[in-house]
Colleague: 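Take a look at this one; I'll ask things after.
In what follows, chains carry the letters A, B, and so on, assigned in the order in which the sequence lines appear, proteins first and then strands, with residues in each chain numbered from 1.
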Amino acid sequence: MSFLRKIIEGCLGVIRIYALNIREKIKVVPRNHVLIGCDFLLEGEIMLENKYNHLINEEKWMKKWKEENTYQFKVDGRKIFSIDTPPPTVNGKIHIGHIFSYSQTEMVARYKRLRDFNVFYPFGFDDNGLPSERLVEKEVGKKASEIGREEFNKLCIETTNRYEEEFKLLFSKMGVSTDWDLAYKTVSPETIKISQSSFLDLVSKNHAYHKESPALWCNECLTSIAQAELETKRVETTFNYINFDADGEKFTIATTRPELLPAIVAVFINPDDSKNKHLIGKEANIPLINIKVPIMGDDKVDPEKGTGIVMCCTFGDQTDIEWWKKYNLPLKNIFSNEGFLNSNAGAYEGLRIKQARKKIVEDLQELECIVKIEPLEHDVQVHERCGKEIEYTIIKQWFIDLINYKEDFLKKGEEINWYPEHMSKRYKEWVENVMWDWCISRQRYFGVPFPVWYCQECGKPHFARIEDLPVNPLVDKPSSVCSCGSSNFIPEKDVMDTWATSSVTPLINMRYGSENNYEKELRPMSLRSNASEIIRTWDFYTIVKSFYHFNEIPWENVMISGFVMADKGEKISKSKENSKQEPFELINNYSADVIRYWAASGRLGTDIVFSEETLLRGKKLLNKLWNVSKFIEMHLQDYDKETKLDNLEYFDKWILAKYSEMEKQYINYMDEYEVGLALNILEKFFWNFCDNYIEIVKHRLYRPEEFGAEKRLSGQYTVYTILFKLLQKMSIFFPFMTEEIFRELYEDTSIHNTVIEELIVNKDELETGDYLNEIIGHVRGEKSSNNTSLKTSVSYIEIEANKNIINAFNEAIMDLKATLFINELSLIEKESINYNINKIELEFDKDK
RNA sequence: GGAUGAUUAGCUCAGCGGUAGAGCACUACCUUGACGUGGUAGGGGUCAUAGGUUCAAAUCCUAUAUCAUUCACCA
């Protein structure tokens, strides 16, 4: 009862409610709590709740930050840090991987705010293009062509809106500190306008051209696609050895694609191939089709592969196209764009590609032209959106020149800082291997229309004027006549590749072309963040566009995150639907702060596995933070931060110096975007602070009558200072709980708008302080191995140590005696060692 | 086949020239006036393998193996 009075006296006037329960334990409880079995209540101020309720608090701060515009961007003269963050493709269910990649960037945004940057951090949604169309087709169960252009686009907008709301809610719940007023959608008129004017700029600079040229074709999605949209897939097929003859001499070609027999335009042999080179110059007779094609020599043929003889078709693969161009071969396209054989295939017209393959092999077997059939497993290129094998087709389409400027793209890539550094190699590799110009035409509906009509008389493309954008050529009419005088136009029906709009996100952010733009502020942007899989698309195309538009890099820094793995070795992805964790459920169960803890773990650029253990570890950390804050709050009730302090206690100086060391490392890591490593050292310090420092200082804080008010004040100053600084550093990871504690203990403004200020410390105590803590550890160990409580008194202890440690010991003697419950102590100076505990005698519990 | 990264305690990972680390799990103990979602300690590792550089290698180099990512190979 007496210590209860003591606490109440110490804290009077600021306690809201104290309750004494039956077991004589003090409890601090929040307002409006019903107490049962209480002896009395006292009125005062509200304190931190006994248990932190994440559901209530996270909802509260989410709303409050919105009301207070905590994360609003306004040009105010401060240095700007701008982030170009990937607008998620709105093509399906949100999964845990989304949280992972966005959280780390978000933490960087928060960190930069703490460093007094004016942070420009927008959010976008990539809702146009094939991914959205596929989603709608899947949901409706019908193909776009069956629904009709107008109706289909309406459905796309409805569907993407619905998913966007879910994304927005998720990111808000996760505490993403974006300025939602800056949010953009890639289907909005503003974005369409920017994409179209970007296109027109490239046309005017001769970097975009319209040409009938072979292109990659997906006969599932019925559109041409770009090299970057290819994926490889392992499939089982057969290697068919087929007999041909040349002027009566038989020779064999091995092929996986016998259905291309009707499309053969030439046969190739390596001129150095001693076995077969005599055939060069002759004519090959194609069985079944009964046509003759020339046998030609080219050193691209590998004599060791298959039979060393290759058939060249329109078009089986990349090499066919090269030869077609190089030798000016005839064109014999046998596939329709829907994936059927056409009239060029003669008797096989109307069959699907796979049916034709079977039928042709059967017919060849009848003619006894098949030598053998081997089963074969090999990789084929498929369209990443649908997984279907790609074909080649020839249609008139828009391309952006890549081949002629590869050197420049490489140079621009080198000007950018890549984090981690080795990711720049992926970019380099990709650029070096680019073989096609970028085909941006898509024979689809839901995308940015080309601002182009074609003159019916002279066939020339007729472009919209910049001031008329955005235009939809299917609805709008050109505002002038063609240079030939005609006013009859055919509108362009194709739409742009989704990456043609995604690659202008820096332009969207800077409101390119509008009057109140941010060009000055955002050229170049500070940071791009994305996962490694889209270096070849998003990063590459954005660099291309920025080079063509401004001849500069789009951003100074790129940070590449890893993936979330479902189980060891399997990447979580939308298409595989292998994510077992529902993001919303996880947030409800664990809190956004804890999920963020998990998302921050792991190094930049490395994959992480979803781990329940990591969540638990975060949960414990936050629980500890809450409790230590409660403890500190309790001891700060009579603290006046204006009170002058002449001298700090030894361990106070020690922990402040430790803190300062840690903060420097934290800043180093965060400047390298190593979010996980920054959290690591912060966490390590925090546990040291709780387990060692707080255990030492608590005696002083509780018993000023024993230690003196000065020593208590020194402790109060230290816990007050360090807790604030810790909360601030932690706020980038745990925005919700740190805000709650900060507003309760410090000021009623947001911790997220505070700025890191360097702490001036004395480092004299750093080293000796660590030794003293080691000594404390040894004494605790002694008690532990004697199976006795840490409160057991040490009746006698004898320590040998060098002068520095002895001096430190003497300076901190009161704290040490109290912490270890030492009755009698003997210190012996010995220069040759650090320290040695010669003797410990424990006074065993009198109860025992 | 090329490129890039990884391989450290049962699990998840940090360390990246100077005596092997953390959390979880396991074991024993401690109910200490913030916290039992706590505390103190203990057991557990030839740091994938083999060479090399160095006074010193988990750390640097070279091979090999395995895994992952990525590009290419579709004759």
Side-chain angles (χ1 to χ4, degrees), chain A residues 3-4 6-7 24-26 28 48 50-51 227 230-232 235 237 239 241-242 253-257 260 267-269 300-302 305-313 316-320 376 378-381 389 420 422-426 428-430 432-433 435 532-533 535-536 562-563 565 568-571 601-603 605-614 616-635 676-677 680-681 683-684 687 690-691 694-695 698-699 702-703 777 779-792 821 845:
Chain A
F3 77 75
L4 170 68
K6 216 180 297 167
I7 287 172
E24 287 206 9
K25 273 206 167 183
I26 298 295
V28 184
L48 291 177
N50 200 22
K51 291 253 191 261
Q227 187 187 351
L230 297 179
E231 237 175 34
T232 52
V235 294
T237 181
F239 216 15
Y241 289 76
I242 301 168
I253 293 180
T255 178
T256 56
R257 300 204 58 187
L260 282 169
V267 168
F268 280 91
I269 289 170
K300 227 195 154 181
V301 183
D302 178 358
K305 221 168 181 180
T307 61
I309 307 175
V310 186
M311 57 189 218
C312 173
C313 314
D317 64 15
Q318 181 71 29
T319 316
D320 289 346
L376 177 75
H378 71 162
D379 288 335
V380 294
Q381 287 184 312
E389 290 180 41
H422 69 83
M423 287 296 177
S424 67
K425 290 178 195 155
R426 296 218 184 173
K428 194 168 164 255
E429 266 272 297
W430 175 257
E432 282 170 352
N433 287 313
M435 290 182 299
S532 58
E533 60 180 348
I535 291 175
R536 62 177 177 162
F563 300 112
M565 309 303 250
K568 210 165 184 150
E570 204 189 344
K571 177 174 129 190
S601 70
R603 289 198 65 159
T606 58
D607 301 336
I608 72 166
V609 177
F610 179 83
S611 149
E612 205 94 23
E613 276 165 20
T614 308
L616 228 58
R617 184 173 168 170
K619 203 172 156 186
K620 280 178 65 172
L621 174 70
L622 284 163
N623 182 55
K624 194 74 173 178
L625 175 64
W626 185 254
N627 283 313
V628 81
S629 300
K630 268 188 340 194
F631 171 81
I632 289 172
E633 179 184 36
M634 204 163 100
H635 292 287
L677 298 182
N680 249 342
I681 52 134
E683 190 181 0
K684 201 171 159 195
W687 286 104
C690 293
D691 293 344
I694 292 288
E695 287 303 319
K698 71 191 329 183
H699 302 279
Y702 275 122
R703 303 195 297 274
V779 176
R780 283 173 176 166
E782 187 64 22
K783 292 181 183 179
S784 182
S785 53
N786 277 294
N787 291 347
T788 181
S789 152
L790 294 181
K791 281 189 100 176
T792 305
F821 299 88
D845 241 349

Colleague: Atom CZ of A/Arg426 and atom C1' of B/A72: how far apart are they, to the nearest Å?
Modeller: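 Atom-to-atom, A/Arg426 to B/A72, this comes out as 16 Å.
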Colleague: Using the side-chain heavy atoms of A/Ser789, tell me which of these nucleotides is nearest: B/C35, B/U31, B/C74.
Modeller: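 Selected nucleotide (nearest to the side chain): B/U31.
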Colleague: Taking salt bridge (charged side-chain N to carboxylate O under 4.0 Å, His left out) as the test, write out the residues that go with A/Arg780, two or more places apart.
Modeller: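 By the salt bridge (charged side-chain N to carboxylate O under 4.0 Å, His left out) rule, A/Arg780 matches no residue at all.
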Colleague: Please check the phosphate of B/U70 (OP1 and OP2 only) for any side-chain N or O of A/Lys425 closer than 4.0 Å.
Modeller: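 A/Lys425 to B/U70 OP1/OP2: no side-chain N or O under 4.0 Å.
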Colleague: Here's a test for you: under side-chain contact (heavy atoms from CB on, under 4.5 Å), which of A/Asp320, A/Ile269, A/Val301, A/Val267 qualifies with A/Val310?
Modeller: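 Single side-chain contact (heavy atoms from CB on, under 4.5 Å) partner of A/Val310 among A/Asp320, A/Ile269, A/Val301, A/Val267: A/Val301.
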Colleague: Does anything in residues 617-627 of chain A pair up under salt bridge (charged side-chain N to carboxylate O under 4.0 Å, His left out), and if so which pairs, sequence neighbours excluded?
Modeller: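 Counting only pairs at least two positions apart or across chains, the salt bridge (charged side-chain N to carboxylate O under 4.0 Å, His left out) contacts touching residues 617-627 of chain A are A/Arg617-A/Glu683.
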Colleague: Provide, to the nearest angstrom, the distance between the CD1 atom belonging to A/Ile694 and the P atom belonging to B/C35.
Modeller: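 Rounded to whole Å, this separation is 13 Å.
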Colleague: Roughly how far apart, to the nearest Å, are B/A14 and B/A58 at atom C1'?
Modeller: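 Taking atom C1' in both B/A14 and B/A58, they lie 12 Å apart.
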Colleague: CG of A/Leu616 versus C1' of B/G38: gap in Å, rounded?
Modeller: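 Distance check: A/Leu616 CG to B/G38 C1' gives 14 Å.
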Colleague: Between atom CG in A/Asn786 and atom P in B/A41, what is the gap in whole Å?
Modeller: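 Atom CG in A/Asn786 sits about 14 Å away from atom P in B/A41.
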Colleague: Which listed nucleotide (B/U32, B/U37, B/C30) is nearest to the side chain of A/Lys51?
Modeller: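 The nucleotide sitting nearest to the side chain is B/U37.
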Colleague: Using side-chain heavy atoms (C-beta onward) and a distance below 4.5 Å, is A/Lys783 in contact with A/Val779?
Modeller: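 They are in side-chain contact.
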Colleague: Taking only the P atom of each, what is the distance from B/G43 to B/G10 in whole angstrom?
Modeller: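 Going atom to atom, P in each nucleotide, I get 15 Å.
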Colleague: For A/Leu677 and B/C16, give me the distance from atom CG to atom P, rounded to whole Å.
Modeller: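 It is 9 Å, rounded to the nearest whole Å.
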Colleague: What integer distance in Å separates A/Ile608:CD1 from B/A68:P?
Modeller: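 That distance rounds to 19 Å.
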Colleague: In whole Å, what is the span from the CZ atom of A/Phe268 to the P atom of B/C74?
Modeller: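 One finds 14 Å between P of B/C74 and CZ of A/Phe268, rounded.
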Colleague: In the 5'-to-3' direction, what one-character label does each nucleotide of nucleotides 18-23 of chain B receive under the scheme B = base within less than 4.0 Å of a protein heavy atom, S = sugar-phosphate only, - = no such atom?
Modeller: ----SB
Colleague: Keeping the roles fixed (side chain from A/Glu633, backbone from A/Leu48), state whether a donor-acceptor pair exists under 3.5 Å.
Modeller: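 Such a contact is found between A/Glu633 side chain and A/Leu48 backbone.
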Colleague: Please report the distance separating the C1' of B/G15 from the corresponding atom of B/C47, rounded so that it comes out in whole Å.
Modeller: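 Here B/G15 and B/C47 have their C1' atoms 11 Å from each other.
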Colleague: Under a 3.5 Å limit for both distances, which nucleotide forms a Watson-Crick or G-U wobble pair with B/U66, could you say?
Modeller: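 Looking at the geometry, B/U66 pairs with B/A6.
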Colleague: Determine the interatomic distance between P on B/G1 and the same-named atom on B/G44; round to the nearest Å.
Modeller: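 Approximately 43 Å lies between the P atom of B/G1 and that of B/G44.
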Colleague: Hey, does A/Gly777 reach any base, or is it just sugar-phosphate, or nothing, if we go heavy atoms under 4.0 Å?
Modeller: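 Sugar-phosphate, backbone atoms only, no base.
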Colleague: Distance check, C1' atoms only: B/A3 and B/A22, in whole angstrom units.
Modeller: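 To the nearest whole Å, 34 Å.
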Colleague: Measuring to OP1 and OP2 of B/A72, would you say a side-chain N or O of A/Gln227 lies under 4.0 angstrom away?
Modeller: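 Yes, within the criterion.
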Colleague: Kindly give the heavy-atom pair with the smallest separation between A/His699 and A/Phe821, and that separation in Å.
Modeller: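 Residues A/His699 and A/Phe821, closest heavy atoms: CE1-CZ, 4.1 Å.
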Colleague: Could you work out the separation of B/U12 and B/U8 based on their P atoms and round it to a whole Å?
Modeller: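 B/U12 and B/U8 have their P atoms separated by 9 Å.
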Colleague: Can you tell me, in whole Å, how much space there is between the P of B/C61 and that of B/G17?
Modeller: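 11 Å, rounded to whole Å.
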Colleague: State whether the side chain of A/Lys630 and the backbone N or O of A/Asn50 hold a donor-acceptor pair below 3.5 Å, judged by distance alone.
Modeller: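 At least one qualifying donor-acceptor pair exists.
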Colleague: Any side-chain N or O of A/Gln381 below 4.0 angstrom from OP1/OP2 of B/A72?
Modeller: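 Answer yes for this pair, as a side-chain N or O of A/Gln381 is under 4.0 Å from OP1 or OP2.
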Colleague: Considering only atom P, compute the distance from B/U62 to B/A6 and round it to an integer number of Å.
Modeller: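 That atom pair is separated by 14 Å.
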Colleague: Under 4.0 Å between a side-chain N or O of A/Arg603 and OP1 or OP2 of B/G15?
Modeller: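 Looking at the OP1 and OP2 atoms of B/G15, one of them is under 4.0 Å from a side-chain N or O of A/Arg603.
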Colleague: For A/Phe563, is there any backbone N or O sitting under 3.5 Å from a side-chain donor or acceptor partner on A/Asp607?
Modeller: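 Indeed, once roles are kept as given, a pair shorter than 3.5 Å links the two residues.
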